[in-house]
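Read the numbers this way: they start at 1 and go in the same order the structure lists the ligands and their atoms.
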Amino acid sequence: MSPPNLKITVLGCSGSYATAGGACTGFLVQSPKANVWLDAGPGTLSNLQEHICLSDLTAIVLSHEHADHWLELPVVYNAIRHYVLCDPIPVFGTVGTLDLAKMMCEQIEESFNCNVICDESSLTIADQQWRWSRTDHYVETLASRVDVGESTMVFSADTGPEWDLNSLGEDIDLLIAESTFLAHREAEKILHLSARQAGLMAQNADVGKLVLSHIAPGEDPEKHFEEAHKAFKGEISLACVGKEFIA
Ligand SMILES: [Zn+2]
């Protein structure tokens, strides 16, 4: 059987900080010709190596500079520089994320080849077509769309409800959306989504499948599932470490 166009493996999905045994946000995005690590939240490096070796990574993409989405990178820097010794891995991230990374990795070019991305950036990583859209969040944050052949996935990164998913186009097979809180906290105007808002976003864009991620510590994932289900009539899954999704 030929491999799927697009397989996404959850490396971490805890919002803000990981509770016992968990890891912050990270996904492995695999196609026949590329292995891309999307967000390198604390705890995801160990989980990544359950699936591939660091030297087999094609690229790393970082959505934004908040610590729970990228702080494994300085550790990967050490691993490559002193142990793995592979060629520098291309890293794509916002100006703010890459500035912080350069501060923490004094000779970053030994491990990484840094490239700035921003709203409306697009590029090809092997057989994967990537596009980004700036979300509704406290710092410059980029949602990602990945197309391989006829398969498409979108990752919302962190966002409030003002971000328009349509900015990344139509025909989305798989949407990984953040779902930090439940609807009763929407009035607080926190720049994250409730499960209801994540479900609505999926419903309005008529996506094939919705995966809820970035659920905050202390939240009941089943309640997120139920609330999203009231807004979205399609298939919904809760992200959890090690789970795989085919777009
Ligand atoms: Zn954030």
**Student:** How long is the straight-line distance from OG of S31 back to NZ of K7, given to the nearest 0.5 Å?
**Tutor:**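 Atom-to-atom, K7:NZ and S31:OG are 11.0 Å apart.
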
**Student:** If the cut-off is 2.8 Å, does any N/O/S atom of H64 fall short of it from the Zn ion (ligand 1)?
**Tutor:**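 Within the cut-off used here (under 2.8 Å), H64 does place an N, O or S atom near the Zn ion (ligand 1).
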
**Student:** Run the salt bridge (charged side-chain N to carboxylate O under 4.0 Å, His left out) test on K102 and E109 for me, step by step, so that the C-alpha distance in whole Å, both residues' side-chain angles and the decisive distance to 0.1 Å come before the verdict.
**Tutor:** CA-CA 9 Å; K102 284 169 190 165; E109 65 285 348; over 6 Å; no

**Student:** Please report the closest heavy-atom contact between I172 and R145, naming both atoms and the distance.
**Tutor:**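 Closest heavy-atom pair between I172 and R145: CG1-NH1, 4.0 Å.
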
**Student:** Below 2.8 Å, can you find an N, O or S atom of D158 next to the Zn ion (ligand 1)?
**Tutor:**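 D158 does place an N, O or S atom closer than 2.8 Å to the Zn ion (ligand 1).
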
**Student:** Any side-chain heavy atom of S156 sitting closer than 4.5 Å to one from W163?
**Tutor:**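 SC-SC contact between S156 and W163 confirmed.
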
**Student:** For a distance under 2.8 Å, tell me if H192 has an N/O/S atom near the Zn ion (ligand 1).
**Tutor:**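 Here the distance criterion (N, O or S atom, under 2.8 Å) is not met by H192, so no.
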
**Student:** To the nearest 10 degrees, could you say what angle the Zn ion (ligand 1) makes with ND1 of H66 and NE2 of H137?
**Tutor:**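 Between ND1 of H66 and NE2 of H137, at the Zn ion (ligand 1), the angle is about 90°.
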
